[in-house]
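Since this is a predicted model, take the numbers as computed values, not measurements. In listed order, ligands and their atoms are each counted from 1. Counting from 1, the numbers follow the sequence of the chain as shown.
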Amino acid sequence: MKCRCPAVSNDVFDPIRLTRALLVWYRANRREMPWRGHPDPYAVWVSEIMLQQTQVDTVRPFFARFMARFPTIASLAAAPDDALLKPWEGLGYYTRARNLRKAAQVLLDRHAGKLPPTLAELTALPGIGPYTAAAISSICFGVCEPVVDGNVARVFSRFWLLADDFRKPGPRAALADRLRPAITGCGDPGDFNQAIMELGALLCSPRSPACEACPLRPACAAAETGRQCDFPVRPAAAAIPERHAVGFIFRDARNRVLLVRRDSAGLLGGLWELPGGEIPKTHTPAAAARLVREQTGLAPAVLRPAGAISHTFSHFRLRLSLYTATVASGRIAPSLRDRVRWSPLPSDLPLTTAARHALADAGDGRNGVKGSSKSRSAR
Ligand code: SF4
């Protein structure tokens, strides 16, 4: 999308004289992506939300499934919870999906079902912060606003030897201010932003930057001084705590498994998981059984340990001890039926990653699950 700003001399970027080289490099080397090339604002918006904290190659299949299920803003606005979360299952940060739906409802109510072009209108929508607003407005509407994501911060912390912590809003805003004259003079702000992000992803990688192929190399201070891997500067990460939980794989006579829906507010809200929950590390099987009885109304019998799963979230590690069991007595109370359900496998309900891993083995009749996984799903 061509720039809408009045013409500004490229001299503003002349101190690094590389805007043109950057755009030439990008147009020759950019990766094909389903949301590129035809900047439909809805597709760009969905892709930018999915790309938060997530790599391009991970996002591709999720984007395809989500857009096939919700091809329009109106279809997204009307999505029921399970239908909304199922194509997002495994992508993490589920609040993003719920905010997309909320924002789609606002767009129908106040913006005739279309994304607005200005930064102020975009940042007023649920789930859209300065970064996403800058990306959508520059790519789709030609607004000259720099994006500052992790890739951009890595490139320019090296380029200018900036020691700031770019996870904080202040340094990110200061870097955007520093880049604004350059994007204003470049002629295509969407390509400018995407070029820097692409360069950060393809060349200026965290551990082995390919400086010899980089169009910014002639003026890059880190490359000049051999200090690429000293930037960006990151404070030491704190050790993450560990929590313990139990999960029960119940089967009924029709070989269905019992699932429980998490509260819609909070961690992994609205997703379905195995019955159970957090419990002290040194628990007895009887205490675990009591937990399930209180949660579902069903009393387990023939408890058998079935392995364990370790699942790492962004801010804690979960050790999930699994049991297989049959139902000895009890029934699901009518008041619980919207959140305790028997499901065939594979389930069409949106599952937590831990439940998916546990049931992947349960589905083919194996027991003794043992494994680990890592998730971005913190919300
Ligand atoms: S020259 Fe190297 S360190 Fe500098 S921006 Fe390019 S890839 Fe990154």
How about Phe63 and Phe66: are their ring centroids closer than 6.0 Å? no
Protein N/O/S atoms under 2.8 Å from atom 2 (Fe) of ligand 1: how many? 1
For residues 103-118, pull every pair meeting side-chain hydrogen bond (donor to acceptor under 3.5 Å, both in side chains), keeping only residues two or more places apart or in separate chains. Thr118-Glu121
Just by distance, do the side chain of Glu89 and the backbone of Leu351 share a donor-acceptor pair under 3.5 Å? yes
Taking Arg36 first and then Glu198, would you say they form a salt bridge - that is, a charged N and a carboxylate O separated by under 4.0 Å? yes
Listed pairs under 3.5 Å, donor-acceptor, residues 208-220 side chains, sequence neighbours left out:
none

For Arg341, enumerate each residue passing the side-chain hydrogen bond (donor to acceptor under 3.5 Å, both in side chains) test, keeping only those at least two apart in sequence or located in another chain. none
